Amino acid sequence: MATRLSRRQLLGIGAASFAGGGAWTTEGHTKGHGGSASPRAPGSRSYWQKTYSGGPSDVAPLPPGLSGEHYQPVVVPNGGALPFKVVDAAKVFHVIVEEVDHAFDSGLRAACWGYNGRVNSTVIEAVEGERIRIYVTNRLPVATSVHWHGLYLPNGMDGVGGLTQPYIRPGDTARYEWTLRQYGTFMFHSHHDEMTQMGMGLIGMFIVHPRNPAPEYRVDRDFSLMISEWSVKAGTARPNPLEMNDFNVLTINGKVFPSTAPLVCKTGDKVRLRLGNLGATDHHPMHIHGHHFRVTATDGEDIPLSAQWPETTVLVAVGQTRTLELITDAPGDWAFHCHMTHHVMNQMGHEFPNMVGVKPGDLDEKIRPLLPAYMTHGQTGMDMGKMAEVMPYPRNTISMKGATGPFGDYISMGGLFTLVKVRDRLEGYDQDPGWYPHPPGTVALKATDAELARDGIEVKAL
Ligand SMILES: [Cu+2]
């Protein structure tokens, strides 16, 4: 069995140095990742825990971990991991902060700010114990800084502009460097004029794999999903970072449904979903259909197996990561989405009067001489995915929600919505397998007269 990196190894000091902290085990890294193989013996851990940030910062680094050899890379739908090179036993990354012409969907683009040409979907991936050196080049017209959210590091590497470092001024390149003393799901984001810069897109996930993973750490699919929210008013070309409440574009890795790439899995796969939320205001209860999951870790640490419980919805608050694990044991196209109903809409404005149930009569005819394109809407709700066909939208606008589904009807969801596509057989994980071919008799179709008669169901005509 793999031995885990001991804290003694990691910290380069004896356990006795933790006087007062006391009970760190010296026989191994006791953080089990969501499984049962690393149980903590009763009393093996003190009630008051130290963090690694309190340990020495001159830890002897371990060799850089390599993809395929030391870790299985995460899957970043609609995005990708930042490339690196190894120089003098350190892993070197180059983060470029720049304006990006970003497509939220085929119909909606905006001038956002991003890291290395991507918005919300550039992931830094590393391995516990290695030395990392991250150069950050600022190509924005304003100063910035980068905070490494949840990571244990020397205070001067923490990236709070003006507090722990001078600003990274336009055209300048800063060097961040430290040794990773933990593993888990973390994030990075601007920590200078956060409201503007994070609202413009300067956020990303930071994944650290364990050095000597327990067998149960291995999964078939390991997804990295960053949640955010934007205000892009219809017809405008820039996000409005001043918005505090009325967000109209809600994204996973910078995309709205139906542009969110599906999470493709095989039946029986072990699947990890790493969720982060660096939106401005909103917490998102993320809900899966047809399955349950366990929350196995936060950005603090792994949750011991004994403290995990099954869920179908997990709240991911602003500034949190939540790591979920499940077995995708049911074939189908399963929804995975935020359960706040306003968060599965696209470019919804909330300034409308409530029209539900209103009978407009000949209002349209009366108003059209004054406003030629006028059309009363909202009286039957907001099921208006196909509205673009009857009413022109302003330029650079997407429909409030929707994509045509397998039955020809609109899927009346947008925003924070994606699909977990589970199949018995796949050509490959990188291909969208299309719509799920339901076995005969397993779809909720219109009931036949014979079925209604058989079961004595009487239906009054509308
Ligand atoms: Cu939400």
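Order of appearance sets the numbers: ligands from 1, and atoms from 1 within every ligand. Worth saying up front: this structure is predicted, and the values here are computed from it rather than measured. Hydrogens, waters and symmetry mates are skipped; everything else that's a heavy atom, side chains included, is used.
D430 is linked by a salt bridge (Lys or Arg N to Asp or Glu O under 4.0 Å) to nothing, counting only residues two or more places apart in sequence or in another chain.
For H291 (side chain) and H289 (main-chain N/O), a donor-acceptor pair under 3.5 Å exists by modelled atom type.
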message: If you apply the rule side-chain contact (heavy atoms from CB on, under 4.5 Å), what do you find for L273 with F336, and how did you get there?
response: CA-CA 11 Å; L273 304 176; F336 179 59; 4.0 Å; yes
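Note on the Cu ion (ligand 1): protein N/O/S atoms under 2.8 Å are H284 ND1, C338 SG, H343 ND1.
A salt bridge between R423 and D333 is present, with a side-chain N of the basic residue lying under 4.0 Å from a carboxylate O of the acidic one.
Below 30°, between 30° and 60°, or above 60°: for Y167 and H192 the angle between ring planes is between 30° and 60°, a tilted geometry. Using bins of under 30°, 30° to 60° and over 60° for the plane-to-plane angle, the ring pair Y152/Y52 lands in the tilted bin.
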